[in-house]
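All residue numbers in this chain count up from 1 along the given sequence.
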Amino acid sequence: MAAFSFSVPLTRIAVGSAGTPGLDPLLVGCGRAVVAAALAVVALGVTRTRFPTARQWLRLVPVAAGVVVGFPLFTSLALRHSDSGHAAVIVGLLPAMTAVVAVTLTRERPGVRFWIGASAGAIATVTFALLAHGGASSSSIDYVYLLCAVVLGAVGYAQGGILARELGAWQTICWALVLALPVMAMASARSIHLRPPTDISAAHWTSFGYLCAVSMFLGFFAWYRGLAIGPMTVVSQAQLVQPVLSVAWAALLLRESVSLGVIAGGIAVIACAAFTVRSRTRDSSVRRGPMSRVTTGRLRIVGG
C-alpha cells in the first residue's frame, strides 16, 4: 500500500493541469502498462517461467482488464480535473469492493458484523465525496471514471490473488501485463500520434516512470503475495491505508489543501475499516472454504 499510495498524486502530476499541461491521460494510463510489460518480459525470460495453461490464460483476462487496463486508464481520465486528495478517498471504496468480489469468487464467508462495517465505510466514503464537492453534478463524469476504476480494480485484485496461489505473485502480474500488451501498445501509439509528448517537464516523466516501474509492476509483487496468503477479505482491508497516505503525499507533493472535510472523511472511513477488521476477528469471520485449511497446532494456507 505504501507503493500504491503514490499512484494517485503522481498520476495527477503526470497528466498535468489546465495551467501546466502534461502527458496525455491515455498515454499515462496505457503507456505505463507497455513499459511494465517490457520489464515483465525480461523477468519471465530470465527466470524461464513456464507458460500458463489455456484455462489460466482465460482467468488472467479479468486481471489484465482490471489492474492493467481499467484502473490505470480510468484513474488517469478522472484526474485531469479532479484533485488527487478527493480521488484518493474515493479509491477508499476498493477494500469493500474487493471483499465483495472475493466472496463471489471464493468460499470465504465473512460474518454479518463485517458487512455492516464494510457497508458503513462505503457509504461514508461516497457521502463525504458528494458533500465535499457540492453534489455530483459539478464533476459527475469524473466520479463515473473513478467508480469504474474501483470496480475494475477490485476484480483485478481478487482474481489476481486467486491466480497468485497457482502461478505465483510476481508471475501473475507479469503474465497479465503480457496479455494486455498488444491492446495497450496500440492505444499508446495512437495517443503519441494524436498528441506527441513535447515540452514535457522532468517532473512529468519522473512521475510516469514511477507509475510504470512501481505502481504497475513491483507493487503487485507484494500485494498479490499478500492476497494469495489470505484470507482475501481480511488482507483487502489493508487498502484503507492507501487513501490516507495518498492525501498526505498530495499535500506534500502538490501542495493541495487538506480541508477538515477531507480529514473527517478519512477518519470516518478508517474507523469503519477498524470496526470491520475487529468484528471479523471476533466472529471468526472467515468461514474457510477450499482455498485454505486449519491444521492442528498451526495455520497453513493451501493453494487451489
Side-chain angles (χ1 to χ4, degrees), residues 1-7 10-11 14 26-76 94 98 101-102 105-106 149 152-189 207-230 232 235-236 238-239 242 291 301 303-304:
M1 287 304 99
F4 289 155
S5 67
F6 283 96
S7 298
L10 292 185
T11 298
L26 181 62
L27 179 60
V28 174
C30 299
R32 73 174 83 173
V34 175
V35 177
L39 298 174
V41 169
V42 173
L44 292 168
V46 169
T47 57
R48 298 183 179 179
T49 304
R50 67 177 180 85
F51 281 81
T53 65
R55 184 169 177 270
Q56 288 170 335
W57 277 118
L58 289 175
R59 293 166 63 195
L60 278 165
V61 171
V63 180
V67 301
V68 179
V69 180
F71 189 84
L73 180 58
F74 282 115
T75 302
S76 298
L94 265 173
T98 303
V101 177
L105 297 178
T106 70
L152 290 170
V155 171
Y157 282 168
Q159 183 62 38
I162 295 172
L163 270 175
R165 295 167 177 168
E166 303 174 19
L167 297 175
W170 69 267
Q171 294 92 333
T172 297
I173 187 60
C174 284
W175 288 122
L177 287 164
V178 170
L179 181 62
L181 178 58
V183 173
M184 303 305 271
M186 287 189 292
S188 299
S207 299
F208 179 71
Y210 183 94
L211 296 173
C212 296
V214 180
S215 299
M216 194 76 264
F217 188 59
L218 295 176
F220 280 97
F221 288 26
W223 181 233
Y224 276 157
R225 175 59 178 165
L227 290 175
I229 294 173
M232 234 178 294
V235 176
S236 65
Q239 296 172 93
Q242 181 178 342
M291 292 293 180
I301 303 300

Taking all atoms of both residues into account, what is the closest heavy-atom pair of [X] and [Y], and its distance?
X: A149; Y: T75; result: CB-OG1, 3.7 Å
X: A213; Y: L39; result: CA-CD1, 4.2 Å
X: A14; Y: L211; result: CB-CD1, 4.4 Å
X: S215; Y: S7; result: OG-OG, 2.6 Å
X: M216; Y: A33; result: CG-CA, 4.0 Å
X: F208; Y: L27; result: CE1-O, 3.7 Å

Subject >> Short side-chain to backbone donor-acceptor contact, R32 and V28, under 3.5 Å >> reply: yes
Subject >> Side-chain donor or acceptor of Y210 paired with backbone N/O of A3 under 3.5 Å >> reply: yes
**OP:** Sort and list the pairs that fulfil side-chain hydrogen bond (donor to acceptor under 3.5 Å, both in side chains) and have at least one residue in residues 35-48, not counting sequence neighbours.
**Re:** T47-T49
Original post:
For residues 57-74, which residue pairs qualify under side-chain hydrogen bond (donor to acceptor under 3.5 Å, both in side chains), counting only residues two or more places apart or in two chains?
Top reply: R59-E166
Original post:
Checking side-chain contact (heavy atoms from CB on, under 4.5 Å) for the pair Y157/V101: CA distance, chi angles, key distance, verdict?
Top reply: CA-CA 9 Å; Y157 282 168; V101 177; over 6 Å; no
Original post:
Hey, does F220 have a side-chain heavy atom less than 4.5 Å from the side chain of V63?
Top reply: no
Original post:
Heavy atoms, side chains only, cut-off 4.5 Å: are V69 and M184 in contact?
Top reply: yes
Original post:
What distance separates R50 CZ from L44 CG, expressed to the nearest 0.5 Å?
Top reply: 12.0 Å
Original post:
Out of curiosity, I162 CD1 to T172 OG1, how far, rounded to the nearest 0.5 Å?
Top reply: 11.0 Å
**OP:** Verify side-chain contact (heavy atoms from CB on, under 4.5 Å) between F74 and L152, making sure each step is shown before the conclusion.
**Re:** CA-CA 9 Å; F74 282 115; L152 290 170; 3.6 Å; yes
Original post:
Taking the inter-plane angle between the rings of F4 and W223 on a 0 to 90° scale, is it parallel (under 30°), tilted (30 to 60°) or perpendicular (over 60°)?
Top reply: perpendicular
**OP:** Evaluate the ring planes of F51 and W175, with Trp represented by its six-membered ring, and classify them as parallel (under 30°), tilted (30 to 60°) or perpendicular (over 60°).
**Re:** tilted
Original post:
Should Y224 and L167 be marked as a side-chain contact (heavy atoms from CB on, under 4.5 Å) after you check the CA-CA gap, both sets of side-chain angles, and the distance that decides it?
Top reply: CA-CA 11 Å; Y224 276 157; L167 297 175; over 6 Å; no
Original post:
Just one of I173, V68, L179, L177 clears the side-chain contact (heavy atoms from CB on, under 4.5 Å) bar with L60, so which one?
Top reply: L179
